[in-house]
Amino acid sequence: MKSNQLLEKEDNKEMRKLASGVLAAALLSGALLTGCSSDDPDPAPTSASSDATTDGPQSGGTLIWGSRSEPGNGGLDPFVAEVYRGTAIIALIYDTLVTKDDNGVIQPGIAASYTQVDGKTYQFTIREGVKFGDGSDLTVSDVIWSFEHHREAKGAGDAALAKLESITEVTPGVVEFKFSDDNPAFLNNISRATGDYFIVDQQWYEAASENDRQISVNGSGPFTLEAWEQGVELRLVKNSYYWDTERIHLDGITFKITGDDEGALLALVQQGAVDAAWFWGAEYAQQAEDSGWTRGNAAYTSARSLWIDPTFNNGALSDVRVRQAISLAIDREQVISLGTAGLGGITFVTPPAFTELAAPSATTPNYTRNVEQAKTLLAEAGVSDLEITLTYGTNTTDVSALEVIAQNLADAGITLKLNGVPYAEVQNVFTTGAPFMSELIYVVGTKAADPAAAYTSWLTDGGLVSHWQNNPDAEAAKALLAQINVETDPAVRIDLLNQLNAEVADKVLILTPYATPLAYHLWSSKVHGYQTDPQDGRVHLRDAWIEQ
Amino acid sequence: MKKFRAGYAYYVAQRLGTALLVLLILSVVVFFLVRLIPGDPLAGYYDTHGTPSIEEIARLREQLGLDKAWYTQYFEWLGGILQGDFGASLTKPFSVGYQIGRRLPYSIELALLATIMALIIGIPAGVLAGQRANHLPDIAVRTGVMLAISIPSFLTALAVVLINSRTLKWNLIGAVSSSKGIVDNGIAMLVPALILALPFSGTVVRYLRSGMIEELAKPYRITLAAKGLSDAEIAYGHGLRNAIIPVLTVISVRLATLVGGTVVIENIFSIPGMGKYLIESISSADYPSIQGAILVIASVYLLMSLIVDLLYPFLDPRIKSGVGES
């Protein structure tokens with residue numbers, strides 16, 4: 001049952017939007033646009049752009065994609081670019097050895113075929129006739145060098161190649177990877193579209209300066225860089241040497257950059273100045289949809305998590321009953337309904353976009369709201385008037401969801417203080433291992449290449465964000481993760497991952513109230529053949545075409 | 001004349017020395033203030049891409065020079081600037097100097113356009129209000145000024161964008177690179193410049209109106225009228241020349257402020273100028289970019305003040321005679 005305060009909030013949703021809009025406008029902009037949004041409470045996700053034109057795909061034209069950001073540090077260097085906004089563009093320029101389709105099935109890429117000889121050995125037959133953007137041939141030695149250089153550049157941080165023993169050309173055109181131990185996540189890791197296991201031209205890369213590699217490209221993918229005017233636009237044109245060039249309809253893609261203000265991006269949409277765009281804010285996405293645009297049928301790729309430090313302050317959250325009480329007090333349906341405008345789903349730590357894994361159900365421990373049980377657990381733990389703090393980066397679009405959670409917890413007698421800080425301060429925790437600044441930290445997760453990766457930094461003793469050393473509550477989860485990391489039978493591995501998800505939910509080692517798409521892709525009626533891919537990577541621009 | 005030249009040379013040296021000293025002090029202050037900003041400059045590397053290993057972090061920290069002592073970092077940074085190198089950005093693949101070089105022209109263009117528009121609106125309105133003080137034209141101008149000054153620019157901008165998005169659908173958002181044509185580039189800047197010009201013109205009117213009232217009350221006005229000059233000739237040919245001196249100071253300050261201080265307008269219209277650059281750099285804790293941006297914005301501010309200071313002796317005979325005596 002909703003509290004009076006919450007009902008009041010819901011009733012006055014429009015007013016609240018307007019008020020929050022004006023406040024945000026004082027800082028930047030776009031807020032008034034939010035305030036004037038329509039208020040469709042439950043828009044059904046739309047399907048892929050309908051290719052109603054009977055003539056079939058049209059070739060030519062440049063698609064203009066509105067984006068609030070451009071590649072960050074590392075630029076377009078496939079080995080150095082770390083940030084998502086960079087790798088999403090690199091995915092259109094460089095190819096991987098294998099790829100994953102929308103159903104998560106491994107498909108050929110630069111490798112025309114592959115064989116998993118055993119848990120430690122993989123062989124790939126390199127496709128013939130592949131060329132880089134400058135017309136030079138992609139060779140087996142480029143493939144071997146790309147992986148060796150990746151391992152050299154990433155060092156111990158290289159997830160896929162940590163246990164690599166050798167990469168050799170065993171027969172002409174066939175590359176073999178041999179590992180010292182079973183590496184079940186290998187294919188998942190190297191096939192990720194927005195990852196960084198790209199095949200690069202060794203000669204070009206070594207000849208280019210460090211800076212040139214970041215602002216120029218030479219990939220074997222469908223597009224290549226024409227120009228990058230920082231803060232204005234980044235222009236890709238069709239790579240005439242692309243091995244599957246018949247598949248590519250567009251002459252080019254221009255990413256028009258607006259900066260962090262999504263209000264400006266929405267204005268571009270409403271003015272018809274762009275053909276497609278991606279938004280992080282659900283409300284902006286809805287307004288773009290209201291303008292007649294198609295919203296991509298996006299998977300819930302981003303689990304929104306509340307990371308817990310059970311040792312923080314006086315260790316109030318070290319008692320599993322307290323954590324369970326918090327989880328039980330959260331009304332996940334309500335958080336999704338009010339906090340994400342209905343554009344979210346219930347999730348484990350691994351986001352629902354991992355469709356091979358089981359989704360939370362009515363029997364998932366501590367997921368169904370039960371305020372009375374939460375109060376009982378708190379009483380059993382001897383805790384009264386619990387006051388905890390949740391820290392979040394102020395750049396998030398999810399503050400309203402956090403407010404709903406705070407209201408939910410208040411019903412169980414738990415005071416949740418929301419502490420907004422600059423995003424960089426939150427990131428401090430991940431990049432330097434700095435102590436938590438509160439019991440809980442709000443984190444926007446991304447679908448990793450492999451589902452186990454969501455747990456690695458948390459449940460590995462000595463990991464930067466691991467706070468579960470010597471805590472018996474986490475032992476069973478750690479043991480499961482260790483098994484998962486070496487289990488080569490896919491079915492057994494999935495079963496273990498499901499067990500791990502349930503175990504983490506039961507012991508509440510991480511709180512995951514909801515998941516959403518990482519971003520919302522929208523496009524105008526001129527765009528056809530496009531659909532949001534499960535990685536949010538815009539890889540389907542390879543298949544898109546635009547009405548002339 | 002010789003006496004004036006010697007005095008003027010001393011005056012220039014004094015002003016220039018003061019400006020350089022201010023810049024040096026500012027560089028120290030900025031360098032330390034930037035390090036008080038919470039957050040790790042490495043944050044920009046990772047975004048939503050997972051948690052790095054400890055080894056990876058150490059490698060990056062060393063690569064970016066963040067593991068060095070603060071004074072080493074400061075002197076390396078200062079030494080670089082003296083050689084025209086503002087350093088590498090921590091969050092972008094472009095050097096700080098390159099980014100400033102790309103963004104400063106947008107800000108200068110926007111500021112100049114806004115200033116020109118403010119003068120085109122403000123000078124005739126200010127002169128008219130001064131000439132016809134407390135009469136209908138003056139009341140109309142003052143009402144307009146009140147509105148122009150009291151409505152925040154961001155509100156006007158948001159209203160324009162919102163209404164345009166629902167009606168005319170003109171392409172008002174996004175800068176056009178000058179490489180695509182000066183005309184297109186200028187047109188894209190017109191609306192934001194006009195929005196910035198409105199409150200600016202209000203300030204010009206207020207200063208000019210009071211200056212004109214003061215000037216036109218002086219006895220020389222009667223002499224000029226007796227010589228047969230029209231009201232317009234008296235106002236524009238004589239009154240304006242004296243009344244505009246304080247306005248010049250206002251213009252120089254506002255122009256300099258506009259170069260770095262139009263963050264909101266730059267955000268609303270997606271203009272990649274210096275204000276936007278500074279805010280982006282602060283939010284990502286990009287130390288070299290913040291330092292470079294503040295230093296350049298401050299330099300523009302000081303340069304404008306310096307230019308006005310150096311022009312004063314030529315515009316105002318009283319200052320000229322003071323410089324000569326010094």
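Per chain, numbering begins at 1; letters A, B, ... match sequence-line order.
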Give the member of Arg68(A), Gln230(A), Gln214(A), Arg213(A) that has the highest number of heavy-atom pairs under 4.5 Å with chain B. Gln230(A)

So that I can tick it off, tell me whether Glu70(A) and Lys92(B) are bridged by a salt bridge, with the cut-off set at under 4.0 angstrom between side-chain N and carboxylate O. no

Can you name the closest pair of heavy atoms from Pro93(B) and Gly74(A) and give their distance? CB-C, 4.5 Å

Counting only non-hydrogen atoms closer than 4.5 Å, does Ala448(A) touch chain B with its backbone (N, CA, C, O), its side chain (CB onward), both, or neither? neither

Side chain, backbone, both or neither: which part of Lys276(B) has an atom under 4.5 Å from a heavy atom of chain A? side chain

side-chain contact (heavy atoms from CB on, under 4.5 Å), that's the test. Do Asn211(A) and Phe94(B) meet it? Break it down for me. CA-CA 8 Å; Asn211(A) 190 56; Phe94(B) 302 98; 5.9 Å; no

Spell out, as yes or no, whether a donor-acceptor pair under 3.5 Å connects the side chain of Gln271(A) to the backbone of Leu172(B). yes

Going from CD on Gln270(A) to CG on Leu162(B), what distance comes out if it is rounded to the nearest 0.5 angstrom? 7.5 Å

Of Leu268(A), Val274(A), Val269(A), the residue whose pairing with Ile173(B) passes side-chain contact (heavy atoms from CB on, under 4.5 Å): Leu268(A)

The reported gap from OG in Ser291(A) to CZ in Arg166(B) (rounded to nearest 0.5 angstrom) is 6.5 Å

With rounding to the nearest 0.5 angstrom, report the CD1 to OG1 distance, Ile268(B) to Thr258(A). 12.5 Å

Can you tell me which portion of Glu266(B) sits under 4.5 Å from chain A's heavy atoms? Options are side chain, backbone, both or neither. neither

So, taking the atom named CD1 in Ile257(A) and the one named OG in Ser270(B), what distance separates them when rounded to the nearest 0.5 Å? 10.0 Å

